[in-house]
Asker: 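I am attaching a structure below and will ask some questions about it afterwards.
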Amino acid sequence: MKIKNLFEPIKEARGMEAATASQTQLVSAVMKGDRAALARAITLVENDPGRASRLLERLGPPGRAFIVGVTGPPGTGKSTLVDRLIDFYRGLGLTVGVVAVDPSSPLTGGALLGDRIRMTSHAGDRGVYIRSMASRGWTGGLSRATSQAIRLMEAAGFEVILLETVGIGQSDVEVVGVSHSVLVVMMPGLGDDVQVSKAGLMEVGDIYVVNKADLEGADSMVVSLLSLFRGSRRSPPVLKVSALTGEGIENLRKAIDEARKRFASGDYGLRVRSAKGMIVETARGAVEARLAAVSESRAEFLARLVVEGKLSVEEAAKRLSR
Ligand SMILES: Nc1nc2c(ncn2[C@@H]2O[C@H](COP(=O)(O)OP(=O)(O)OP(=O)(O)O)[C@@H](O)[C@H]2O)c(=O)[nH]1
Ligand SMILES: [Mg+2]
């Protein structure tokens, strides 16, 4: 037993060396645009944050790909719009990566992801890369993994990256913080303003889209969005479209493309905004991982000190997260 323990650190160190060598290969394969390597690297990012962060350090600075976040309540037509946007950017000759954050449970996830990928008409196009990431079953770190997946796609040479996330809760919405432009997609019949203000959707959008304009009630949805913003300092555009019939899509494309042109001309503020999102999400992931790694016994030890009046809650929390 003792002898085995003696050798264990050496084995571990060897393992790390091997991983580092294969990581170097993985990074250079990703940077050559190797799709299989990209898939492997994203899986690494999902499953092994520690190794992934060493890998990501070699990717160079972000800022080459234009990132569009697409969020909004379930079923508003985000994927259908993403599909339209893929067509648009492919038409401009740009390559497109898509990260779709799937809210389904790990159990039903497989089937849904399959459907989602079949749903797109871009399966044979090498200029398009689609990756789903399941958001359930994570003990935190979704935002980190999402922003890292985006950076990997960027390193692989994808020029536009579309990030679809269902805006149900604050954490789903926060994910889009890495974007240069954020579309919030609504639809008629969602009830009232509550949906928008609830999940932080009011703050996050650069463009508000009322999709399904072919259905009744789109105009009143536009009116309630506009009146919501009347009370605030912001007045983002509210556009009525139908991803199904194509109505209003041209206007939407123009609006998003203005942001892309600003990005392409080197707009400093836009770049800082996206980089800030990446740093914050990566840091959040690191803090969550550190907290998740805290042993029960350490937390309980600190709790005893608090109960016995030897330590304040604040000091205990500081020690716990150190
Ligand atoms: N009538 C109408 N239906 C639409 C429109 N756009 C999308 N849909 C339909 O709405 C349903 C949901 O569309 P999705 O694109 O999957 O919506 P989503 O927001 O991605 O859904 P989740 O990812 O599950 O939140 C599908 O049946 C679409 O065909 C539209 O403009 N008009
Ligand atoms: Mg969708």
Side-chain angles (χ1 to χ4, degrees), residues 30-33 38 56-72 78 81-99 122 125-131 143 146-165 173-185 201-209 229 232-241 243 248-282:
V30 167
M31 291 172 93
K32 280 181 197 135
L38 177 57
L56 281 141
E57 275 174 1
R58 298 172 199 190
L59 291 183
R64 281 156 290 162
F66 176 60
I67 308 165
V68 181
V70 180
T71 189
K78 296 176 293 297
L81 272 172
V82 162
D83 230 35
R84 291 245 174 209
L85 291 176
I86 296 174
D87 285 338
F88 171 54
Y89 289 117
R90 292 302 288 140
L92 294 178
L94 298 168
T95 54
V96 183
V98 180
V99 177
H122 312 276
D125 183 352
R126 294 194 61 78
V128 178
Y129 185 90
I130 299 173
R131 172 73 178 225
S143 315
T146 306
S147 91
Q148 291 180 337
I150 288 174
R151 282 173 57 205
L152 285 164
M153 285 189 186
E154 176 180 60
F158 290 96
E159 294 161 301
V160 174
I161 293 163
L162 307 172
L163 167 62
E164 178 189 336
T165 159
V173 172
E174 273 162 6
V175 173
V176 297
V178 300
S179 313
H180 298 106
S181 182
V182 174
L183 308 186
V184 172
V185 185
L201 290 171
M202 262 285 275
E203 291 78 33
V204 82
D206 296 296
I207 301 171
Y208 286 76
V209 179
F229 285 116
S232 78
R233 251 177 282 143
R234 289 182 347 115
S235 54
V238 178
L239 304 176
K240 200 173 76 169
V241 312
I249 292 291
E250 195 48 41
N251 268 344
L252 174 62
R253 285 171 175 169
K254 272 190 204 142
I256 310 175
D257 221 34
E258 266 172 37
R260 190 180 63 85
K261 284 176 186 149
R262 273 205 291 139
F263 167 77
S265 71
D267 190 298
Y268 187 72
L270 266 189
R271 281 159 197 270
V272 169
R273 160 181 150 170
S274 167
K276 184 175 135 205
M278 285 179 180
I279 298 168
V280 170
E281 298 314 336
T282 307

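The shown structure was predicted, so the numbers you read here are calculated from the model rather than taken from an experiment.
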Asker: Does some side-chain heavy atom of Glu154 sit less than 4.5 Å from a side-chain heavy atom of Leu59?
Answerer: no
Asker: Quick one: does Thr71's side chain have a donor or acceptor within less than 3.5 Å of a partner on Thr165's backbone?
Answerer: yes
Asker: Any side-chain heavy atom of Ser179 within less than 4.5 Å of one from Ile67?
Answerer: yes
Asker: Please enumerate all residues that pass side-chain contact (heavy atoms from CB on, under 4.5 Å) together with Val280, with sequence neighbours excluded.
Answerer: Lys276, Arg284
Asker: Run Asn251 and Val241 through side-chain contact (heavy atoms from CB on, under 4.5 Å) and show every step you take.
Answerer: CA-CA 8 Å; Asn251 268 344; Val241 312; over 6 Å; no
Asker: Is it true that atom CZ of Arg126 has more than 12 heavy atoms of other residues, nucleotides or ligands lying nearer than 6.0 Å?
Answerer: no
Asker: Hey, is Glu250 close enough to Arg253 for a salt bridge, meaning N to O under 4.0 Å?
Answerer: yes
Asker: Keeping Arg262 on the side-chain end and Asp267 on the backbone end, is there a donor-acceptor pair under 3.5 Å?
Answerer: no
Asker: Determine all donor-acceptor pairs shorter than 3.5 Å in which one atom belongs to a side chain in residues 85-92; sequence neighbours excluded.
Answerer:
residue : atom : partner : partner atom : Å
Arg90   : NE   : Asp125  : OD2          : 2.8
Arg90   : NH1  : Leu94   : O            : 2.9
Arg90   : NH2  : Asp125  : OD1          : 3.1

Asker: Quick check against the 3.5 Å criterion: does Tyr208 have a side-chain atom that pairs as donor or acceptor with the backbone of Met202?
Answerer: yes
Asker: With rounding to the nearest 0.5 Å, note down the distance linking CG in Leu81 to CG in Leu183.
Answerer: 7.5 Å
Asker: Look at the side chain of Ser181 and the backbone N and O of Val68, then say whether any donor-acceptor pair between them is shorter than 3.5 Å.
Answerer: no
Asker: If we check side chain to side chain contact (heavy atoms under 4.5 Å, CB included) with Met153, which of these qualifies: Leu38, Val160, Val98, Val96?
Answerer: Leu38
Asker: Between Ser274 and Val178, is there a donor-acceptor pair closer than 3.5 Å when you use the side chain of the first and the backbone of the second?
Answerer: yes
Asker: Quick one: does Glu281's side chain have a donor or acceptor within less than 3.5 Å of a partner on Val175's backbone?
Answerer: no
Asker: With Leu163 as reference, evaluate Thr146, Val182, Val70 under the side chain to side chain contact (heavy atoms under 4.5 Å, CB included) test and give the passing residue.
Answerer: Thr146
Asker: Do any N or O atoms from the side chain of Arg151 and from the backbone of Pro61 form a donor-acceptor pair under 3.5 angstrom?
Answerer: no
